[in-house]
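Report on one structure; see the data block that follows.
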There are 2 protein chains.
Amino acid sequence: MSTVETISSNIKKLRELKDLSQKEVSAASGVPQGQYSRIENAKVEPSISTLEKLAAVFEVSLSEFFNNGPLDEDINLSILEKVKMIDTLHDDEQSALIKMIDLAIANKKMKDSLKAMIA
Amino acid sequence: MSTVETISSNIKKLRELKDLSQKEVSAASGVPQGQYSRIENAKVEPSISTLEKLAAVFEVSLSEFFNNGPLDEDINLSILEKVKMIDTLHDDEQSALIKMIDLAIANKKMKDSLKAMIA
DNA sequence: ACATATTATGCACCTAAATATATATTTATA
DNA sequence: TATAAATATATATTTAGGTGCATAATATGT
């Protein structure tokens, strides 16, 4: 599922959820009905500003349009997200992880300085 | 903070997190350096396809670019610095650590969902 | 079946992003 | 400070979304 398809799918779902016609969405958002139809059918790659208008009508945040599934998988978590998740862990689990990270880092630093001394 | 400003801010943070130059991001993504600079400075409203190329380089989902809430700013900075250091580790140490992190996260999610089922 | 509402599509025009290229400007470093 | 690296800006051209308008094509209801 491409990104434009994901967007179109989410937008269509939101419109049906609110039980609105394309014409109504058009009137409320300012996006012409024809253009809105093209967006729902993934015929175009909508601009950010257009998506903003629609997000306002559907009362959701922009990022809602890009989510494909109900919940994301851990495999694709970014480093930032991982850090956020680590923050939610209990103290004992968290400190255990941090100790391991510190250990690995300290280990690398030692190796690096050894290399530097040799060179 | 406008949407383009949010995007530019997030993208800049991600690039610095990965310690990449604009030229490197450009080479890896195919987005010309000049255009990338305009995006980081919110001089343009980037297209979805451009954002996709950058998301691939930064290894994040598209929606990461739109998040501007307190969630992203509440990141524990010390942990963030540590996780950034993971990137400098050798592959074997790195993957071992990441596996442990993912495991801890998965473990917590399981606990949380169990709690939710009980309640 | 008919009339109507809804949605999809076609077309001309406008605008802005994307690109290629070059260059200016700022920042880092020997 | 001089030099190089990194970042910002300039111009011209290409490409594609947005708009307005009209009109098919397709539901929906009486």
Side-chain angles (χ1 to χ4, degrees), chain A residues 1-58 60-66 112-113 115-116 119, chain B residues 1-58 60-66 68 81 84 87-88:
Chain A
M1 182 107 110
S2 74
T3 302
V4 283
E5 287 170 340
T6 301
I7 293 172
S8 79
S9 164
N10 286 334
I11 286 181
K12 192 165 190 174
K13 272 181 205 152
L14 283 166
R15 182 173 64 86
E16 288 165 351
L17 216 73
K18 298 241 171 193
D19 196 39
L20 297 171
S21 69
Q22 290 189 354
K23 204 176 165 186
E24 288 170 317
V25 172
S26 171
S29 65
V31 178
Q33 178 272 323
Q35 182 66 3
Y36 180 80
S37 169
R38 286 174 191 111
I39 293 170
E40 262 196 11
N41 290 286
K43 297 287 177 66
V44 294
E45 190 183 85
S47 70
I48 304 293
S49 56
T50 297
L51 290 179
E52 275 187 296
K53 295 175 193 166
L54 299 178
V57 171
F58 296 139
V60 298
S61 68
L62 260 189
S63 57
E64 291 272 345
F65 292 153
F66 299 95
D112 287 348
S113 52
K115 262 188 214 164
Chain B
M1 184 116 115
S2 73
T3 301
V4 283
E5 286 170 339
T6 300
I7 292 172
S8 79
S9 165
N10 287 333
I11 286 181
K12 192 166 190 174
K13 271 182 205 156
L14 283 166
R15 181 173 65 85
E16 287 166 352
L17 207 74
K18 298 245 171 190
D19 197 39
L20 296 171
S21 68
Q22 291 189 354
K23 204 176 166 188
E24 289 171 316
V25 172
S26 171
S29 66
V31 178
Q33 178 271 325
Q35 182 66 3
Y36 179 80
S37 170
R38 285 176 195 110
I39 293 170
E40 261 196 13
N41 290 285
K43 297 287 177 63
V44 292
E45 190 182 86
S47 70
I48 303 292
S49 57
T50 297
L51 292 179
E52 275 187 296
K53 295 175 193 167
L54 299 179
V57 170
F58 296 138
V60 299
S61 67
L62 260 189
S63 57
E64 290 263 355
F65 293 153
F66 299 94
N68 69 328
E81 291 307 314
K84 274 165 71 179
D87 266 349
T88 73

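Just so you know, these numbers use all the heavy atoms, side chains as well, and skip hydrogens, waters and symmetry mates. Naming: A, B, ... by sequence-line order, numbering from 1 per chain.
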What pairs of nitrogen or oxygen atoms, one from the protein and one from nucleotides 22-30 of chain D, lie under 3.5 Å apart?
none

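- Atoms CD (A:E45) and P (D:dT15) sit 16 Å apart, rounded to a whole Å.
- The residue A:Q22 sits close only to the backbone: its heavy atoms come under 4.0 Å of sugar-phosphate atoms, none of a base.
- Across the protein-nucleic acid pair, B:K23 atom NZ and D:dA4 atom P stand 13 Å apart, rounded to whole Å.
- Within 4.0 Å of B:S47, counting heavy atoms only, lie sugar-phosphate atoms of the nucleic acid but no base atom.
- In this structure, B:F58 and B:F65 have perpendicular ring planes: the angle between them is above 60°, well past the 30° mark.
- Residue contacts for A:K12: at a heavy-atom cut-off of 4.0 Å it reaches no nucleic acid atom on any strand shown.
- In this structure, CZ of A:R38 is placed 11 Å from P of D:dT19, rounded to the nearest angstrom.
- If you walk DNA chain C from 5' to 3' and mark each nucleotide with an atom closer than 4.0 Å to a heavy atom of chain A, the marks span C:dT7 to C:dC11.
- Counted within 6.0 Å of NZ on B:K23, heavy atoms from surrounding residues, nucleotides or ligands total 12 or fewer; the atom is thus considered open.
- Within the 4.0 Å cut-off from OP1 or OP2 of D:dG17, not a single side-chain nitrogen or oxygen of A:T50 is found.
- For the side-chain contact (heavy atoms from CB on, under 4.5 Å) test with B:I11, the passing option among B:L54, B:V57, B:V60 is B:L54; the others fail.
- B:Q22 places none of its side-chain heavy atoms less than 4.5 Å from the side chain of B:S26.
- Of all non-hydrogen atoms in B:S63 and A:S63, the two that sit nearest each other are CB-CB, 3.7 Å.
- Taking 4.0 Å as the cut-off between side-chain N and carboxylate O, A:E40 and A:R15 count as a salt-bridged pair.
- Distance check: B:L51 CG to B:E45 CD gives 9.5 Å after rounding to the nearest 0.5 Å.
- The closest side-chain heavy-atom distance from B:N10 to B:E64 is not below 4.5 Å.
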